[in-house]
S.K.: 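First the structure, then my questions, so here it is.
Computed from a predicted structure; not experimentally measured.
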Amino acid sequence: MAIASFFFSRSTPFFSHYNNPSLPPHPTLIFFPFKLKIFTFTTTHFVHTTATAISAHRGGGSSSGSGGGSGNWGSGGGDEDEERDRNREEAMVALAEDGRWLESLPEDLAAAVSAGRVPGSIMRRFFQMEQSVVLRWLLKFRGFRERLLADDLFLAKLLIESGVIIFTKAAAELERRKENFKKELDFVVANVVTGIVTGFLLVWFPAPTVSLKPPLAVSAGPIAKLFYGCPDNAFQVALPGTSYTLLQRIGAIVRNGAKLFIVGTSASLVGTMITNALINVKNAVNKTFATQAENLPVISTSVAHGIYMVVISNIRYQVLAGIIEQRILEPLLHRNKLILTAAYFTVRTANTYWGSLLWVDFARWVGVQKKKD
């Protein structure tokens, strides 16, 4: 019999582990003999949580998740099963503290809790963010949910990047082109339009995440299995019960690079075509402008921008999000969100400006935007 016995005392909406003396008296004790552990539920939540808790404990730490371990750079050592058991217990405590049960969570998050891939700290962050109308709405989407759970200031970073990219792009173009700025205005417009599109995705793709991906199909090939286990950021800190091998971290750079090549090429294609359309309209109206501007090479410019995104932007934003922000700034300034946000604004503005300078140099170096005399 899975449940050996029950004991009732005062009714308190709390769920606790038997070996934690700091917690209130147990309202309900449930003995799981197969794990030799005791848990407590309120009578109110018992119906909703018992079946899930038993299933989670019988399942142990097994999961088709993205891996196990700690924040180490290579493969995670230690006992991942114990870490996942601890995660599961902490998450269930957090649920009971908030008066919630697993069935009230999004399906992918509930599955991650049952598998022991989400610690209590992540659950508390989820409940805290639900208090905001905007964040509660964004948490309905898995992409935002994975990123916001890993970084509660992800939305702020997205807004910062989108806001500063126009000004930093224009400033960088002026710095590099100097007296040729007006003559090369067609290049400037193409670069700014493309930057607006790609800026959003350069924040999105390399952002650290809490993986809530569904289980991988059994018939999946070895390459699919490798990339399935890769983090979204090669340098991100792994949660307890999650680890990434060196190969998986390298795979994150390769996978993001492939995405950014497609996105960068497509965005540049659209931006260049829009710029050429504007140039043709001005040429028809102002014959003087026709001598100063000419149509840009669409295919070569788009491919060059895609390569730039893979080689330069990919690495830059991986390092920015995974090392500078998550491993340096966040541990130092996590107690003061206002100062931390200001620090994010500073480093991201500098990074965007530097990236704009690098693109002008790269475009001239490969010959898609030649300097005009």
Side-chain angles (χ1 to χ4, degrees), residues 157-206 257 259-317 320 345-373:
K157 295 178 182 179
L158 204 58
L159 294 175
I160 288 171
E161 192 77 26
S162 301
V164 303
I165 196 165
I166 296 176
F167 301 102
T168 54
K169 273 281 186 184
E173 294 285 336
L174 181 60
E175 166 64 24
R176 276 295 185 263
R177 302 184 191 280
K178 293 183 172 37
E179 66 277 0
N180 292 326
F181 184 83
K182 289 184 178 180
K183 293 180 180 179
E184 300 175 5
L185 192 60
D186 45 353
F187 294 158
V188 174
V189 174
N191 292 344
V192 172
V193 171
T194 303
I196 294 171
V197 178
T198 57
F200 175 91
L201 296 171
L202 280 171
V203 180
W204 183 269
F205 286 142
K259 292 178 181 178
L260 288 173
F261 177 78
I262 296 173
V263 169
T265 302
S266 302
S268 182
L269 185 67
V270 173
T272 305
M273 291 176 66
I274 291 175
T275 303
N276 284 346
L278 292 174
I279 290 174
N280 291 333
V281 170
K282 288 187 176 182
N283 286 345
V285 176
N286 187 348
K287 300 301 181 181
T288 304
F289 183 80
T291 62
Q292 298 178 351
E294 57 185 18
N295 284 350
L296 306 178
V298 177
I299 302 300
S300 58
T301 300
S302 302
V303 172
H305 194 264
I307 294 173
Y308 170 82
M309 293 278 283
V310 174
V311 178
I312 300 177
S313 297
N314 184 24
I315 303 297
R316 243 180 343 108
Y317 277 85
L320 174 65
F345 177 85
T346 301
V347 297
R348 284 192 171 270
T349 300
N351 177 68
T352 304
Y353 180 72
W354 182 39
S356 300
L357 295 177
L358 291 175
W359 164 244
V360 176
D361 293 338
F362 181 83
R364 286 175 172 175
W365 180 64
V366 297
V368 296
Q369 293 185 1
K370 297 179 181 179
K371 190 173 182 179
K372 296 180 179 180
D373 298 325

S.K.: Could you tell me which non-hydrogen atom of Val368 sits nearest to which non-hydrogen atom of Pro297, and how far apart they are?
M.R.: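 So the minimum-distance heavy-atom pair works out to O-CG, 3.9 Å.
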
S.K.: When rounded to the nearest 0.5 angstrom, what is the spacing between CD1 in Ile160 and CD1 in Ile165?
M.R.: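 Those atoms lie 13.0 Å apart.
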
S.K.: When rounded to the nearest 0.5 angstrom, what is the spacing between CD1 in Ile299 and OG1 in Thr272?
M.R.: 9.0 Å

S.K.: Using every non-hydrogen atom in the two residues, find where Tyr317 and Pro206 come nearest and quote the distance to one decimal.
M.R.: CB-CG, 3.7 Å

S.K.: With side chains defined as the heavy atoms from C-beta onward, is the minimum distance between Tyr353 and Leu357 less than 4.5 Å?
M.R.: yes

S.K.: Measure the shortest side-chain to side-chain distance between Val263 and Phe205 over non-hydrogen atoms and say whether it is less than 4.5 angstrom.
M.R.: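 They are in side-chain contact.
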
S.K.: Using side-chain heavy atoms (C-beta onward) and a distance below 4.5 Å, is Trp354 in contact with Thr168?
M.R.: no

S.K.: Parallel, tilted or perpendicular: which fits the ring planes of Tyr308 and Phe362, with parallel below 30° and perpendicular above 60°?
M.R.: tilted

S.K.: Over 60° means perpendicular and under 30° means parallel, so tell me whether Phe200 and Trp204 are parallel, tilted or perpendicular.
M.R.: parallel

S.K.: Is there side-chain contact between Thr265 and His305, with at least one heavy-atom pair below 4.5 Å?
M.R.: no

S.K.: Do Val164 and Arg348 come close enough that some side-chain heavy atom pair is under 4.5 Å?
M.R.: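 When only atoms from C-beta onward are counted, Arg348 and Val164 do not touch, as no gap falls below 4.5 Å.
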
S.K.: Among Asn314, Val311, Thr198, Ile307, find the one that has a side-chain contact (heavy atoms from CB on, under 4.5 Å) with Leu260.
M.R.: Asn314

S.K.: Donor-acceptor pair, distance only, cut-off 3.5 Å: does the side chain of Arg316 make one with the backbone of Asn351?
M.R.: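 Checking the backbone N and O of Asn351 against the side chain of Arg316, a donor-acceptor pair under 3.5 Å is found.
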
S.K.: Which pair of non-hydrogen atoms, one from Ser302 and one from Ser268, has the smallest distance, and what is that distance?
M.R.: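 Minimum heavy-atom contact is CA-OG, 3.4 Å.
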
S.K.: Could you measure the distance from the CG atom of Leu158 to the CG atom of Leu202? Nearest 0.5 Å is fine.
M.R.: 11.0 Å

S.K.: Search all heavy atoms of Leu174 against all heavy atoms of Phe181 and return the closest pair with its distance.
M.R.: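 Shortest heavy-atom separation between Leu174 and Phe181 comes out as CA-CD1, 3.6 Å.
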
S.K.: For residues Glu161 and Thr352, is any side-chain donor paired with an opposing acceptor at under 3.5 Å?
M.R.: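 Side-chain D/A pair, Glu161 to Thr352: present.
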
S.K.: For Glu175, is there any backbone N or O sitting under 3.5 Å from a side-chain donor or acceptor partner on Lys178?
M.R.: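 Looks like yes, one N/O pair under 3.5 Å.
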
